[in-house]
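Written out below as C-alpha cells is the structure these notes cover.
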Amino acid sequence: MILDGIGDEEKWLAEGIAGIQHHAFYMHRALDANNLRDALKYSALMLSELRTSRLSPHKYYDLYMRAFDELRKLEMFFKDESRHGVSIVDLYELVQHAGNILPRLYLLCTVGSVYIKSKEAPAKDVLKDLVEMCRAIQHPMRGLFLRSYLSQVSRDKLPDIGSEYEGDADTVMDAVDFVLQNFTEMNKLWVRMQYQGPGRVREKHEKERSELRDLVGKNLHVLSQIEGVELELYKDTVLPRVLEQVINCKDELAQYYLMDCIIQVFPDEYHLQTLETLLAAFPQLQPTVDIKTVLSQLMERLSNYAASSTDVLPEFLQVEAFSKLSSAIGRVIEAQIDMPIVGSISLYVSLLTFTLRVHPDRLDYVDQVLGACVKKLSGTTKLEDNRAIKQVVALLSAPLEKYDDIVTALTLSNYPRVMDHLDNGTNKVMAVVIIQSIMKNNSCISTADKVEVLFELIKGLIKDLDCTSADELDEEDFGEEQNSVARLIHMLYNDDPEEMLKILCTVKKHIMSGGPKRLPFTVPPLILSALKLVRRLQGQDGEVVGEEMPATPKKIFQILNQTIEALSSVPSPELALRLYLECAEAANDCDLEPVAYEFFTQAFVLYEEEVADSKAQVTAIHLIIGTLQRMNVFGIENRDTLTHKATGYSAKLLKKPDQCRAVYACSHLFWVDDQDGVKDGERVLLCLKRALRIANAAQQMASVTRGSSGPVTLFVEILNKYLYFFEKGNPQITSAAIQGLVELIKTEMQSDSTNVSPAPDAFFSSTLRYIQFQKQKGGVMGEKYSPIKV
Amino acid sequence: MNYLIGAFKPSCNISITFSDAKTRKQVPLKKESGQAVLVPLFQSQENISGKISIEPIQGKKVEHNGVKVELLGQIEMYFDRGNFYDFTSLVRELDVPGELYEKKTYPFEFSTVEMPYETYNGVNVRLRYVLKVTVSRGYAGSIVEYQDFVVRNYSPPPSINNSIKMEVGIEDCLHIEFEYNKSKYHLKDVIIGKIYFLLVRIKIKNMDLEIRRRESTGSGPSTHVETETLAKFELMDGAPVRGESIPIRLFLSPYELTPTHRNINNKFSVKYYLNLVLVDEEDRRYFKQQEITIYRLQETS
C-alpha cells in the first residue's frame with residue numbers, strides 16, 4: 001500500500017500538511033484565547049496527521065518537522081500557567097485523556113518537558129515515565145519519530161552532573177539509563193523496519209531505512225555529550241549495554257552504522273581503555289557487516305590519537321593495543337569465512353598503519369602483521385582480485401614510506417612472502433616502488449644478506465617469472481624498470497672490501513639469471529661497481545698485494561671476466577667490448593699485465609667475431625686504440641702484439657675515411673706523452689704516412705666515382721696530427737714534411753675550386769692561423785716553426 | 001379559551017425549599033425532556049427537611065381534604081413507561097382537611113432516610129428520588145407538585161482489591177498476557193496495567209481498551225440487556241513483536257461512569273467491563289472482556 005507511486009505520495013504529503021495547517025490555525029486561535037481545552041483538542045487533531053502510514057520516511061520527516069514547529073508554540077503555552085490556569089501536574093494528566101495514542105504521546109512528551117523544567121517532579125521520574133509510555137508506538141517509523149521527538153525535547157533536561165536538573169547520587173545513571181533505553185527501543189524499531197514489505201521492495205526499504213539511521217545514532221551522540229559519562233561509567237555500563245543492543249539486533253545495516261557511530265562519537269581515550277570490550281563485539285556481528293571499514297576507522301582514530309601527543313603512548317602500551325587489535329582482526333577473519341580476501345587484507349593494512357604510527361620502533365609487530373597476512377594468503381595462489389592486489393601493494397608500501405629506509409623493511413622476514421602472492425605485473429610495480437624508495441632516501445644497502453633479501457624482493461625485475469611471455473612487455477617500461485635496477489646496483493655499498501665483494505657476488509648471482517634482455521642493463525653497473533672496488537683496493541693496500549686476501553683485484557677480475565662473457569654471449573658485443581676495455585684499464589692500473597692482456601684479447605676476439613657492423617667497428621676500434629694508448633703495464637712484446645693488431649684492424653675498415661682516421665689515431669699508440677712512455681717516432685711517421693696514402697686513395701676514389709675530388713678534411717686532420725707530433729718533438733716529423741703537406745692541401749683545394757665546402761676550408765685556415773701564431777710567438781716553439789712557410 | 005385555561009390552571013402555587021438549599025451541593029440531572037437541571041444532592045441516612053409553601057391564586061380559596069408530602073424512591077422501566085415501582089415511600093401529613101385563603105408554609109422533615117440506591121439514568125431504566133406534595137381535593141382532582149433530588153452513596157476503598165491478570169490467546173497465532181492493577185476502581189481512578197506479547201503471528205494494526213457498560217433490566221426470560229461503549233482508548237499503534245510489553249494508563253475521570261449496580265431491587269443491574277481489542281491489518285478484531293467494579297469514593301473537597 002506504500003507502493004502507489006511517487007505522485008500519490010506527494011499528494012498525501014500535501015494533504016497531511018494541509019491538515020496540520022488547518023488544525024494548527026485553530027490551535028493558534030485557542031492559544032491566543034488562552035483556551036486550554038480547545039488548544040488540546042486541536043493540537044491532538046493536528047498530531048493525528050502524523051498517524052499516516054502512507055508516506056516514506058523522507059516525506060514523513062517533512063510532516064514531522066511541521067508538527068514539531070507547532071508543538072514548540074504549544075510548549076510555550078503550557079509553560080505559562082497564568083495563561084491556562086492548570087497546574088503542570090494536572091496538565092500532565094489532562095493530555096493523557098486523548099483517545100488516540102500517537103497524539104497523546106506527543107502531547108505527553110511536550111508537557112513532560114515543561115514538567116521537568118518546572119522542577120515539580122524529579123527529572124528522572126518524568127523521563128522514565130515518558131520513555132516507558134512511548135513503548136505504545138510499535139509502528140517502526142512513527143515510533144522512531146516519536147522517540148526522536150522525546151530525545152529532542154529532553155536532551156537539555158537530562159539529570160546530568162552539573163545540570164540544573166541534577167538529582168541525587170545516581171543522577172548520571174538516571175540520565176544514562178534514559179538515553180540508553182530510548183536508544184535501545186529506537187534501534188529495535190529501526191531494525192524491525194527491515195522485515196516489512198514484500199521482497200521486491202526490500203531494496204527500497206533498505207534505502208529508506210538508512211535515511212532514518214541518524215535518528216537512532218543521535219542517541220549515542222547524546223550519550224557522549226553527558227558530562228557525567230566518565231571512563232568508569234562508560235566502561236561498566238554505557239559501552240556494554242550499547243554493544244549488547246548492537247549485537248542482539250542481528251541486523252547488518254544497524255550493526256555497521258552503530259559500530260561506526262560508537263567509534264565516532266566517543267573519545268579516543270575511552271576506546272583505548274575499552275579496546276577489549278569493543279573488539280570482542282566484532283566477531284559477534286553478522287557475517288555480512290562491513291567490519292573492515294569500521295575497524296579501519298577505529299585504528300585510524302587510535303593512530304591519530306597516538307600521533308596527537310606523545311603523552312598518550314604509554315597508554316597504548318599499557319593496554320597492549322596492538323596485540324588486542326591484532327587478535328581481534330584474526331578472530332574477525334576467522335569468524336567471517338565469506339569475507340573476500342580484499343577485506344582481510346585491508347584490515348591488515350589498517351593494522352599495519354596503526355602499528356607504524358603508534359609503535360614505529362616495533363618492527364616485530366610489523367613483521368607479525370605481514371606474517372598474519374601471509375597466513376591468510378597462503379590458501380590462495382596468486383591474487384586475481386584487483387582491489388586485493390591494490391591493498392597488498394598498500395600493505396607493502398606502508399613500511400617503506402614510514403621507515404624511509406629499505407634496510408628496515410629488509411629485516412622483515414615476511415615481507416617477501418607477501419610479495420610472492422602478487423601477480424607478476426604488480427610484483428614488478430612493487431619492486432619499482434621499493435627501488436624508488438631506496439633512491440629517494442639515498443639509502444645504502446651494506447651487507448650481502450640484505451642484498452640477498454632485496455633481490456629476492458625485486459626478483460620480478462631481475463628475472464623472467466614463469467608464464468610471462470616476452471611479447472606482452474612494453475619496451476619502454478621494460479627499459480625503465482631495468483634502468484632502475486641498474487641504479488639500484490649502485491646503491492649497494494660497503495666500505496669493507498670483503499663484504500663489498502660478497503655483495504657483488506650476490507648481485508652477480510641474481511642478475512646472471514636475468515636473461516638476454518636484462519643483462520645489457522644490469523651487467524654494466526655491476527662491472528663498474530666492481531671496478532670501483534678494484535680501484536679502492538688498489539688505492540689502499542698496495543703493500544698487501546699477494547697475500548691470501550679474499551678480496552683481491554685478481555679475484556674480482558676473474559668474476560668480471562665471467563660476467564662480461566655472459567654479456568657477450570647475449571649477444572651484446574659492443575657493450576661487452578667496452579666493459580672489457582674498462583676492465584683492462586683497471587687491470588692496468590693494478591699492474592696486472594696478464595689480466596689486462598686477457599681482457600684485451602677478449603676485446604679483440606669480440607671485435608673479430610662479433611662486431612660486424614662497420615659503424616660499430618669504427619667506434620670499437622677507436623675505443624680499443626684509446627684504451628690501448630693509455631696502457632702502460634704491457635711488456636714490449638705484448639704491447640707490440642696488441643698495437644699491431646689494432647693498426648691492422650684500423651687499416652681493414654671498410655670506408656677509406658674511416659681507415660684513414662683509425663690509422664692516424666694508431667699513431668698515438670707509438671707515442672705516449674709520458675715520462676717513460678713509448679716514443680717510437682718512426683712508427684708514428686709510418687702510421688701518418690700510411691694515413692696520407694689512404695687519404696689520397698680516398699680522394700682519387702671520390703673523383704672517380706663522383707667526378708670531383710672529395711673534401712680535403714682528411715688531409716687537414718692529418719696535418720694536425722703532424723703538427724701535434726712536431727710539437728711533441730718527434731724527430732721523424734720535420735718541418736719540411738709539414739711544409740709539403742701544407743702545399744699539398746693548398747693544391748688540392750685550388751684544383752677543386754668548383755667545390756669549396758666551407759668546413760674543411762675553415763678548418764684548414766684555422767690550422768694555418770695556428771702555425772702563424774706559433775711562429776710569431778717566438779721562443780723555442782717559434783723557432784721550430786720558423787722554417788714552415790704558409 | 002382563557003376561561004378554559006383558567007379552569008385547568010391549578011388554583012394554587014406550591015413551592016418546595018430545602019432547609020440547607022444554600023449550602024447543599026447541587027448536581028445536574030437530566031430530565032426526560034433532555035434538559036439538565038440542577039438539583040440538590042443527598043446521600044443515604046441524611047435528614048431531608050425543608051418548607052413547603054402553598055399560595056392560592058389571588059382571590060381564590062382552595063378547599064382540600066388534607067395536604068401531605070411524600071418521599072418516593074422509584075424505578076421506572078422504559079418498556080413499561082409510566083409505571084413506577086416505589087421501593088421507598090415515606091409520608092408526612094402536613095394539614096388536616098380545610099380551606100386555604102392565603103399563603104401557608106409547612107415545615108417538613110424526613111430524618112435519617114434510608115436511600116440504599118443511587119439515582120441512575122440508563123438506557124432502559126431510571127431510578128429516581130422525588131418529593132411529592134399533594135393537596136387532595138375530592139372532585140376537582142388533587143394538586144400535585146414534585147421536586148427531584150439526587151442520591152449518591154459513597155463506598156470506602158475496598159479492603160480486597162486484587163489485580164486482574166490473565167493470559168489469553170489463539171493457538172499458534174497470538175498469545176498475550178495482560179494485567180490491570182485492580183479489579184475495583186473508583187470513578188476518578190486510573191487504570192494502570194500492561195500487555196505482554198508472548199506470541200505474535202498476526203499483523204496487528206492497533207490495540208484499544210474499551211470501557212463498556214452492560215445494563216440488564218427485568219428478570220428471568222424477559223431480561224433485557226443493553227451494552228454501551230463509553231470509552232475507546234487507543235493503547236498501541238503498530239505491530240508489536242514477541243516480548244514487547246505495552247503500558248496501559250487510562251484515566252477514568254473524563255468518562256461519564258456510574259458505580260456498578262448489582263440487582264437493584266430485583267429490577268436491574270449495571271455492570272462495567274474492560275474490553276481489550278486488538279485489530280489486525282485485515283480489520284479482524286480479537287478481544288477479551290473483563291468485568292471491573294466501579295464504586296464511588298468519597299471525594300475530599
Side-chain angles (χ1 to χ4, degrees), chain A residues 1-2 37 40-41 44 47-48 50-53 89-106 108 128-147 181 184-185 187-198 248-251, chain B residues 174 176-179 181 187-212 229-257 275-283:
Chain A
M1 74 184 169
I2 309 175
R37 248 178 71 99
L40 289 179
K41 178 178 150 197
L47 290 164
S48 291
L50 291 177
R51 296 173 73 206
T52 180
S53 296
V89 186
D90 291 342
L91 201 55
Y92 194 71
E93 181 192 321
L94 210 51
V95 292
Q96 295 186 62
H97 295 173
N100 281 317
I101 183 76
L102 192 70
R104 186 195 314 151
L105 290 176
Y106 270 106
L108 190 66
K128 192 162 173 52
D129 190 48
L130 291 176
V131 80
E132 275 296 323
M133 293 309 281
C134 283
R135 278 177 187 277
I137 305 300
Q138 292 289 321
H139 183 276
M141 188 170 71
R142 293 196 283 273
L144 274 175
F145 276 95
L146 172 69
R147 286 184 178 275
Q181 195 181 346
T184 308
E185 293 299 326
N187 190 44
K188 280 191 201 160
L189 290 170
W190 189 46
V191 170
R192 211 185 290 168
M193 284 185 88
Q194 173 200 326
Y195 302 110
Q196 287 192 331
N248 287 343
C249 79
K250 297 201 188 316
D251 176 70
Chain B
L174 178 71
I176 61 171
E177 190 182 284
F178 62 81
E179 180 177 356
N181 60 336
L187 290 169
K188 308 286 177 200
D189 216 343
V190 49
I191 298 173
I192 306 283
K194 68 172 182 220
I195 298 117
Y196 186 70
F197 285 83
L198 299 163
L199 175 78
V200 192
R201 295 244 174 93
I202 50 172
K203 286 190 172 165
I204 297 172
K205 199 163 69 178
N206 60 355
M207 177 167 68
D208 292 336
L209 189 62
E210 293 175 343
I211 303 175
R212 289 158 74 90
T229 300
L230 300 180
K232 190 164 178 287
F233 189 74
E234 196 182 14
L235 286 182
M236 183 185 73
D237 172 24
V241 293
R242 209 169 70 110
E244 285 291 350
S245 81
I246 307 298
I248 304 172
R249 185 186 293 158
L250 171 57
F251 290 92
L252 297 178
S253 58
Y255 306 104
E256 286 180 21
L257 306 179
N275 192 25
L276 185 67
V277 185
L278 290 101
V279 183
D280 74 6
E281 284 188 344
E282 269 105 50
D283 281 327

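Naming: A, B, ... by sequence-line order, numbering from 1 per chain.
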Q. So do B:M236 and B:F197 actually touch side chain to side chain, heavy atoms under 4.5 Å?
A. yes
Q | Contacting region of B:V241 [heavy-atom separation from chain A under 4.5 Å] | A | both
Q) If you count heavy-atom pairs under 4.5 Å with chain B, which of A:I137, A:I101, A:L105 comes out on top? A) A:I101
Q: Considering only heavy atoms and a distance below 4.5 Å, find which of A:R51, A:R142, A:M141, A:E132 pairs most often with chain B.
A: A:R142
Q. Are B:E244 and A:R192 within salt-bridge range, i.e. N to O under 4.0 Å?
A. yes
Q: List the atom of B:I246, the atom of A:A136, and the distance in Å for their closest heavy-atom pair.
A: CG2-CA, 3.9 Å
(Q) Heavy-atom pairs under 4.5 Å with chain A: which of B:S253, B:P254, B:A231 has the most? (A) B:P254
**Q.** Side chain to side chain, B:I202 and B:L278, heavy atoms closer than 4.5 Å
**A.** no
